[in-house]
Colleague: 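One structure, pasted below without further comment.
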There are 2 protein chains.
Amino acid sequence: MQHVGAVPDCKRRRLGYHASMNDSSKTERVRLSAEDWEDGALALIAEQGVGALAVEALARRLGVTKGSFYWHFRTREALLQAALERWEEYGEREVLAEIERIPDPLKRFPELFRRVAHEMQPHRVYAALLKALDHPQVVPVMSRVSQRRMDFLTRLYQEAGLAPDVALNRARLTYAAYVGFLQLNFTLGLPRISHEEFDAYVEHMIATLTPAPRDAS
Amino acid sequence: MQHVGAVPDCKRRRLGYHASMNDSSKTERVRLSAEDWEDGALALIAEQGVGALAVEALARRLGVTKGSFYWHFRTREALLQAALERWEEYGEREVLAEIERIPDPLKRFPELFRRVAHEMQPHRVYAALLKALDHPQVVPVMSRVSQRRMDFLTRLYQEAGLAPDVALNRARLTYAAYVGFLQLNFTLGLPRISHEEFDAYVEHMIATLTPAPRDAS
DNA sequence: GCCACTACATACTCGGCCGTATGGTTGCCA
DNA sequence: TGGCAACCATACGGCCGAGTATGTAGTGGC
């Protein structure tokens, strides 16, 4: 989840036109790969949304022009598609794996909620994509990602002792709360919640959504 | 909440160019008011999002041309502004009032949840506006509306016996679940939930989010 | 040190949409 | 029934962003 950034420094090498002039800032030339464009696109999406993903804007951002872009990609759609697939690929696998490693099923929820709550950067892309569900290209991606996460949550609740149908509904509720929270606090800025308040809210979520031991059969 | 529709029939009167021809469908002439444009704008927003609110597209939809539009509004922004204010005006007041009329605080939540769940049309505009929070004009409107609803929920939870801080967090959780559900089921179409499943989910929400009587001091 | 290839610049076309200008049509009212 | 105001059509100018065409500068193989 580190693929959201500008051009890696290893690519920024100056070539000095004739080894003269004060080539301090402008003569740095970059040679980009398709992956660089995809990363740049994801960064732009995270900051300004899918609608702001314009070819010329991204080119300026990367220090080149459109001519470069159309060498790597056939169209703007192709870039968006590649960026989305890249984002889906390098997903949140490690987090889920670590949660499953916790033996006590009931102790998984506090850990999961606290972890998700305290690294907000990875969710920026997800929040941006949520606001772009009118775009045909993002729907299947978001559908797959959301479905996988909901399946994971459902399994967690089942292993915590809930009946299958109850576990599914609890997973729906939990994931809806997650998505809604992203909307209400990232994009909309409801009175700018403080750190202490935020922690208290997370603990309240844990207390409310973690199955009570008596729920287990 | 009936202001989202096409041109009201009372305005569709034919004027028959010379009382001849088969003027069955095309010679119906309409004279529109500013409110008609605002309603049309809201309908278009509900269906295709704020980004799809284009002047010429809306004009075609209403059976007229741009020339008409720019008589009523100075700019596209003005229309959006007026439509948003209109939407905020004719809000959900009556629902909230009816809920408060229920004497037993604990019986309010099932009623509220079931009501909100079973009239999904009014939420289409809200869901569309949620996806347009990057637009500067919608942010203040959504901020006000969401804040009012959250205040209402907080008060309900307090009157149900929760401590003020707990009530606030419970309200946040509830409203986040609402918003997230809109996203996941309207725009994204997670496996197209059935009616029975949906009702079961609502009941699960009620069971999970309604304060237990023992929570009351 | 030559050449093919990669990566990029520049300059253009084209379509969509906002906004303007202006003239035509309808309805109301004295 | 003339006239004014509300309402609408048509045509045009201009901006912005996608996509194309073509020239050009570095890069690697031999």
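Nothing here was measured: the structure is a model prediction, and the numbers come from that model. Here is how names work: the chains are called A, B, and so on, in the same order as the sequence lines, proteins then strands, and each is numbered from 1. Keep in mind that the numbers below use all heavy atoms, side chains included, and drop hydrogens, waters and symmetry copies.
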Colleague: In whole angstroms, how far is the P atom of D:dA6 from the CG atom of B:Asp36?
Modeller: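 Rounded to the whole Å, the gap is 17 Å.
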Colleague: Is there any salt bridge (charged side-chain N to carboxylate O under 4.0 Å, His left out) pair reaching into residues 45-54 of chain A, and which pairs are they, with sequence neighbours excluded?
Modeller: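 Salt bridge (charged side-chain N to carboxylate O under 4.0 Å, His left out) check on residues 45-54 of chain A returns A:Glu47-A:Arg61.
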Colleague: Within this structure, what is the CH2-to-C1' distance between A:Trp37 and C:dA7, rounded to whole angstrom?
Modeller: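 Answer to the nearest Å: 11 Å.
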Colleague: Not counting sequence neighbours, which residues clear ring pair (Phe, Tyr, Trp, His ring centres under 6.0 Å) with A:Phe113? List them please.
Modeller: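 So A:Phe113 forms no ring pair (Phe, Tyr, Trp, His ring centres under 6.0 Å) with any residue.
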Colleague: Can you name the residues that form a salt bridge (Lys or Arg N to Asp or Glu O under 4.0 Å) with B:Glu98, not counting sequence neighbours?
Modeller: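 Once residues adjacent in sequence are excluded, the partners of B:Glu98 under the salt bridge (Lys or Arg N to Asp or Glu O under 4.0 Å) criterion are B:Arg115.
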Colleague: Looking only at side-chain atoms of B:Arg31, point me to the closest of D:dC7, C:dA9, C:dC8.
Modeller: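 Nearest listed nucleotide: D:dC7.
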Colleague: Produce a footprint string for nucleotides 16-21 of chain C: one letter per nucleotide, 5' end first; B if the base is under 4.0 Å from any protein heavy atom, S if only the sugar-phosphate is, - if neither.
Modeller: -BBBB-
Colleague: Just jot down the side chain to side chain contact (heavy atoms under 4.5 Å, CB included) partners of A:Arg74, sequence neighbours excluded, or say none.
Modeller: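 Counting only residues at least two positions away or on another chain, A:Arg74 forms no side chain to side chain contact (heavy atoms under 4.5 Å, CB included).
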Colleague: Measure the distance from CD on B:Glu35 to C1' on D:dC7 and round it to the nearest whole Å.
Modeller: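 In whole Å, D:dC7 C1' and B:Glu35 CD are 15 Å from each other.
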Colleague: Within the structure, does a side-chain N or O atom of B:His72 lie under 4.0 Å from either OP1 or OP2 of D:dA6?
Modeller: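 Result: no.
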Colleague: Could you state the atom-to-atom distance from CG of B:Leu32 to C1' of C:dT26 in whole Å?
Modeller: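 After rounding, the reported distance stands at 14 Å.
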Colleague: Less than 6.0 Å separating the ring centroids of B:Tyr201 and B:Phe198?
Modeller: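 B:Tyr201 vs B:Phe198: aromatic centres not under 6.0 Å.
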Colleague: Calculate the interatomic distance between A:Leu62 atom CG and C:dA7 atom C1'; express it in whole Å.
Modeller: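 The answer, rounded to whole Å, is 14 Å.
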Colleague: Who pairs with B:Gln48 by side chain to side chain donor-acceptor pair (under 3.5 Å), at least two apart in sequence or on another chain?
Modeller: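 With sequence neighbours excluded, B:Gln48 shows a side chain to side chain donor-acceptor pair (under 3.5 Å) to no residue whatsoever.
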